Amino acid sequence: MLSPTVEDYLKAIYKLQARHEPPVTTSAVADVMEVSSASVTNMVQRLDELGLVDYESYRGATLTEAGTKVALEIIRHHRLLELYLKEVMDYSWEQLHEEAEHLEHHISEEFETKLEELLDYPTHDPHGHPIPARDGTVAEVRARPLAHVEAGTTVQVHHLEDADPKLLHHLEDLGLMPRTRVDVEDRAPFDGPLTLTVHTPDGPRTEVVGRTVAAAVFVSSDVSADER
């Protein structure tokens with residue numbers, strides 16, 4: 001049995017590896033975990049001894065196959081729980097992440113199976129991130145920040161940056177939720193705001209968003225003909 005802290009470290013390293021070429025530096029892990037670099041060094045050395053990471057001094061840590069398996073299992077728990085808490089229990093964005101963070105370490109395989117069945121075998125969490133499959137595979141994510149999309153382009157919201165619950169509330173108010181079609185009408189110069197037509201379930205509406213907000217929305221060009 002691994003402690004919740006160990007599992008959190010493995011999850012953090014996995015997510016950092018997804019953004020940057022490994023190895024992951026101890027300073028990057030320290031920023032995510034909000035602890036000192038010395039604490040991270042002590043932990044990754046322990047994880048190395050457990051065979052969960054390969055650690056090299058002054059370079060960083062890379063998950064082993066065993067470490068990756070644990071990280072994906074915890075991420076799978078977290079994303080299934082977030083979907084349940086949001087769609088079934090109507091938790092707020094603030095409550096959602098915190099509750100899932102706690103529960104993800106303590107559910108059994110039987111509970112996980114029942115949860116997946118109850119949710120009708122979902123593939124993505126409320127933010128649009130893919131839920132790892134039971135066999136450890138994860139759907140490939142092909143998306144780019146909305147902030148990088150040129151004017152005159154139609155895109156579909158794929159997933160949202162989920163670190164800030166207040167920003168998630170704001171994105172929800174704007175209608176910028178996963179699977180929503182968005183027309184980028186204009187981009188003001190010098191990092192100015194974007195003018196969007198957001199096709200919400202209640203109809204299209206015009207929204208103007210800053211680049212910081214647009215950078216938290218990841219979009220794909222996969223918009224089917226019946227959504228245009």
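Keep in mind that what you see is a predicted model, and the values were worked out from it rather than measured. In this chain, numbering begins with 1 at the start of the sequence shown.
Ser3 and Thr5 share no donor-acceptor pair across their side chains, judged by distance under 3.5 Å alone. A donor atom on one side chain and an acceptor atom on the other are found under 3.5 Å apart for Glu82 and His78. Of the N and O atoms on the side chains of Thr153 and Glu150, not one donor lies less than 3.5 Å from an acceptor on the other residue. No side-chain donor-acceptor contact under 3.5 Å links Asp202 and Thr200.
The minimum heavy-atom distance between Val198 and Gly175, with the atom names listed, is CG1-O, 3.6 Å. Between Gly60 and Tyr55, the closest heavy-atom pair is O-CD1, 3.3 Å. Between Met177 and Leu160, the closest heavy-atom pair is CE-CD1, 3.4 Å. Considering every non-hydrogen atom in both Val141 and His158, the closest pair reads CG1-CE1, 3.8 Å.
A side-chain donor-acceptor contact under 3.5 Å links Arg76 to the backbone of Pro132. No donor-acceptor pair closer than 3.5 Å links the side chain of Arg181 to the backbone N or O of Thr197. At least one donor-acceptor pair under 3.5 Å links the side chain of Asp164 to the backbone N or O of Lys166.
Between Arg79 atom CZ and Leu72 atom CG the span is 9.0 Å, to the nearest 0.5 Å. Here the OH atom belonging to Tyr84 is positioned 6.0 Å from the CG atom belonging to Leu118, to the nearest 0.5 angstrom. Annotation: the span from Leu50 atom CG to Thr64 atom OG1 amounts to 9.5 Å, rounded to 0.5 Å. Distance check: Thr68 OG1 to Tyr14 OH gives 7.5 Å after rounding to the nearest 0.5 Å. One finds the CD1 atom of Ile13 at 10.5 Å from the OG1 atom of Thr25 (value rounded to the nearest 0.5 Å). Here CG of Leu96 is found 10.5 Å from CD of Glu87. Values are rounded to the nearest 0.5 Å.
Counting non-hydrogen atoms of neighbouring residues, nucleotides and ligands closer than 6.0 angstrom, the CD atom of Glu110 reaches no more than 12 such neighbours. Heavy-atom neighbours of Glu117 CD from other residues, nucleotides or ligands within 6.0 Å: above the threshold of 12. Other residues, nucleotides and ligands contribute only 12 or fewer heavy atoms inside 6.0 Å of the NE2 atom of His102. Residue-environment remark: CD (Gln95) exceeds the threshold of 12 foreign heavy atoms within 6.0 Å. Within 6.0 Å of atom NZ in Lys15, more than 12 heavy atoms from other residues, nucleotides or ligands are found, so the atom counts as buried in its surroundings.
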(message) Set out, in order, the CA-CA distance, both residues' side-chain angles and the distance that settles side-chain contact (heavy atoms from CB on, under 4.5 Å) for Val6 and Arg46, then state yes or no.
(response) CA-CA 9 Å; Val6 166; Arg46 179 185 169 198; 3.8 Å; yes
(request) Determine, step by step, whether Glu161 and Leu167 satisfy the side-chain contact (heavy atoms from CB on, under 4.5 Å) criterion, reporting the C-alpha distance in whole Å, the side-chain angles of both residues, the deciding distance to 0.1 Å, and the verdict. (result) CA-CA 9 Å; Glu161 189 65 58; Leu167 179 55; 5.6 Å; no
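With sequence neighbours excluded, the residues that form a side chain to side chain donor-acceptor pair (under 3.5 Å) with Asp8 are His105. Checked against ring-ring contact (aromatic ring centres under 6.0 Å, His included), His129 has the following partners two or more places apart in sequence or in another chain: His127, His159.
Residues Ile107 and Leu119 fall within the same hydrophobic cluster, defined by Ile, Leu, Val, Met, Phe, Trp and Tyr side chains chained together at heavy-atom separations under 4.5 Å. Side-chain heavy atoms closer than 4.5 Å link hydrophobic residues (I, L, V, M, F, W, Y) into clusters, and following such links, even through other members, never connects Leu146 to Val208. Linking Ile, Leu, Val, Met, Phe, Trp and Tyr whenever their side-chain heavy atoms come within less than 4.5 Å leaves Leu103 and Leu10 in two separate clusters. Both Phe111 and Leu85 sit in one connected hydrophobic cluster of ILVMFWY residues. Membership requires side-chain heavy atoms under 4.5 Å apart, directly or through other members. By the rule that hydrophobic residues join a cluster once side-chain heavy atoms approach within less than 4.5 Å of another member, Leu83 and Val88 end up as members of one cluster.
Note that Lys86 lies in the cation-pi zone of Trp93, set by a 6.0 Å cut-off to the ring centre and a 45° limit from the axis.
Paired with Lys11 under the rule side-chain hydrogen bond (donor to acceptor under 3.5 Å, both in side chains), one option of His77, Glu104, Glu73 passes, and it is Glu104.
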Donor-acceptor pairs are to be reported for all side-chain atoms of residues 28-38 against protein atoms at under 3.5 Å, with residues two or more places apart or in another chain.
unit_1, atom_1, unit_2, atom_2, d
Ser36, OG, Ser39, N, 3.1
Ser36, OG, Ser39, OG, 3.0

